[in-house]
2 protein chains.
Amino acid sequence: MRERSLVIPRPSVRTMTAAVDVALLTPRDRRLAVLLLRADARARDRWLLPWDAPRSDESPDETALRVARSVLGVPPAAIDQIGAFGDGRRHPGDAQLSISFVGLVPQGAASESIDGAAWVEIDQLPLLAPRHRAVAEAAVAAVRSRIDQAPLAFRLLPAAFTLSELQSIYELLLGRALHKASFRRALQAAFLVEPTDEWRSEGRGRPAQLYRYAPRRRRGTRRGVRFDSIA
Amino acid sequence: MRERSLVIPRPSVRTMTAAVDVALLTPRDRRLAVLLLRADARARDRWLLPWDAPRSDESPDETALRVARSVLGVPPAAIDQIGAFGDGRRHPGDAQLSISFVGLVPQGAASESIDGAAWVEIDQLPLLAPRHRAVAEAAVAAVRSRIDQAPLAFRLLPAAFTLSELQSIYELLLGRALHKASFRRALQAAFLVEPTDEWRSEGRGRPAQLYRYAPRRRRGTRRGVRFDSIA
DNA sequence: TCAATAGTGTCTGTTAGACATTATGGA
DNA sequence: TCCATAATGTCTAACAGACACTATTGA
């Protein structure tokens, strides 16, 4: 047995039941949608987030990636940890601890007909275990709050996209309309995208040039602090 | 035993050993410092972050607050979850899972002489279990990335502070110098602080007026997207 | 032709940063 | 007095947002 310091008692760990929950998000019809699994083939109106327990010698990140792949068939474009939920809210597997992740799936890459699964708009979540509802809501909040820190918007789009599509993603995540000319000017100044030589015509109107995400360099400016977003 | 769906195999949870790790941060001498505990009264050069296992019926947040209080004597000015670390990096209690938190302690409120503890600048971390080093670094990164989303800077200052002190905190967290006049203009426009009728004289120079954090209202403007911070 | 969308040029009010200046204390 | 710091006014370049306009397709 180890000696203990007189000053600081050495704590000991506790065992808890743990699960990894994954909220996969994709843009659909100008809204964000999350992938839900039917809880039971018979219960039509009971749903779950994809989840599993970590296997031995598997880190939570690896578990999350495995869960996402098993549901989507392919890995998501991005996957990030949201946090650990361990309050009283019930988990479908009765895990004491939920290590939760958000994954981003490009628009259109989400095959419609995953067996027993459905993309559901985040404003219209059905009956869901309270823990899973909290995870889904935290996933959306996490993406919204990180949109201006990481190139998340590009993870919600295919490799080639129009600038209007990109602006739509930003408007979706920011929850407000943006000015077209300003958006493009700022985008051009940031050297984040480059045009391809392809064009896409959708319905009426002039065809749009396709762009790809190609961050080149950071501009030197780095303007001052913005207190606007602070509560 | 529960019936299992034919479509979706119902996962089951796994038990893991878990700990709650807390990185307490305070500004010291134009640097960020983290509170470390001596691992052992005899081993002078082995250190730990404050940590403990969650008690039964205690959420991780409650555990973190309890750990922080027990070390500081008082609750921290803010405490937020960073994430769950569960990779191979070793934890001092050999926990498989670390639920980690960052707590903010106002400048000066950190009593110097907590028995067996020391504030250490984050650039000069001593020998530390790899998991704890990762947590400490993630704590700093989390505060830095949230500085423009939440009024964290005010949690690192006492209730009354000078504008130069506030600017120092921002410079500390942003890692770059700010323009004084611009900083104050932006601050005034955001209605985040109000002057008190007290002044403080430190060494030479004109005494500075003390301000307090008093967010009044959000300005209506909400300007456009900034791509600068995106990689 | 009209409708709809893409993309761009110009104007204007706002703002960030530079600079200068005044204010006020301690050494 | 000199020096250091606080606090503020002014100027300018950059930028955000409004608006108008052209371009290009399908109906």
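Just so it is clear: chains get the letters A, B, ... in the order the sequence lines come, proteins before strands, and each one is counted from 1. Everything numeric here is computed off the predicted structure, so don't read it as measured data. Atoms considered below: every heavy atom in the structure, side chains included; atoms not considered: hydrogens, waters and symmetry mates.
Taking atom CZ of residue R226(B) and atom P of nucleotide dG17(D), one finds them 11 Å apart after rounding to whole Å. Look at CD on E165(B): it is 16 Å from C1' on dA7(D), rounded to the nearest Å. Distance L163(A) CG to dA6(C) C1': 9 Å, rounded to the nearest Å. For the pair Q188(A) CD and dA14(D) P, the computed distance is 16 Å after rounding to whole Å. Here dA16(D) presents its C1' atom at 14 Å from CZ of F183(A), a figure rounded to the nearest Å. For E202(A) and dT24(D), the CD to P distance is 18 Å, given to the nearest whole Å. Computed from coordinates, the R206(B) CZ to dC2(D) C1' distance equals 18 Å when rounded to whole Å. Rounded to an integer number of Å, the gap from CH2 of W199(A) to P of dG26(D) is 14 Å.
Put simply, R184(B) has a side-chain N or O that comes within less than 4.0 Å of OP1 or OP2 on dA7(D).
The number of heavy atoms from other shown groups lying within 6.0 Å of CZ (R226(A)) is above 12.
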Next item on the list: Run the numbers on R66(A) and T63(A) for side chain to side chain donor-acceptor pair (under 3.5 Å), then give the verdict.
Entry: CA-CA 5 Å; R66(A) 175 172 58 78; T63(A) 308; 4.6 Å; no

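In the set dA7(D), dG17(C), dA6(C), dG17(C) carries the atom at the smallest distance from any side-chain atom of H179(B). For A181(B), counting side-chain heavy atoms from C-beta on, the closest listed nucleotide (dT5(D), dT8(D), dG7(C)) is dT8(D). Across dT24(C), dT10(D), dA6(D), the shortest atom-to-atom separation from the side chain of R185(B) is found for dT10(D). You'll find that the side chain of R204(A) is closest to dA27(D), out of dT8(C), dT10(D), dA27(D).
Distance check, rounded to the nearest 0.5 Å: CZ of R46(B) to CG of L127(B) gives 5.0 Å. Here the OG-CG distance, from S59(B) to L97(A), works out to 10.5 Å after rounding to the nearest 0.5 Å.
In terms of position along DNA chain D, the nucleotide closest to S164(B) lies nearer the 5' end than the nucleotide closest to the other residue of the pair S164(B) and G205(A). Comparing Y211(B) and S201(A) along DNA chain D, the residue whose closest nucleotide (by nearest heavy atom) sits nearer the 5' end is Y211(B).
Contact annotation for T162(B): no contact, since no heavy-atom pair falls under 4.0 Å across all strands. At the heavy-atom level, Q209(A) lies under 4.0 Å from the strands shown only through sugar-phosphate atoms.
At a cut-off of 3.5 angstrom, counting only N and O atoms as typed in the model, there is a donor on one side and an acceptor on the other between the side-chain of S182(B) and the base of dG17(C).
R131(A) has no carboxylate O lying under 4.0 Å from a charged side-chain N of D21(A), or vice versa, which leaves the two without a salt bridge.
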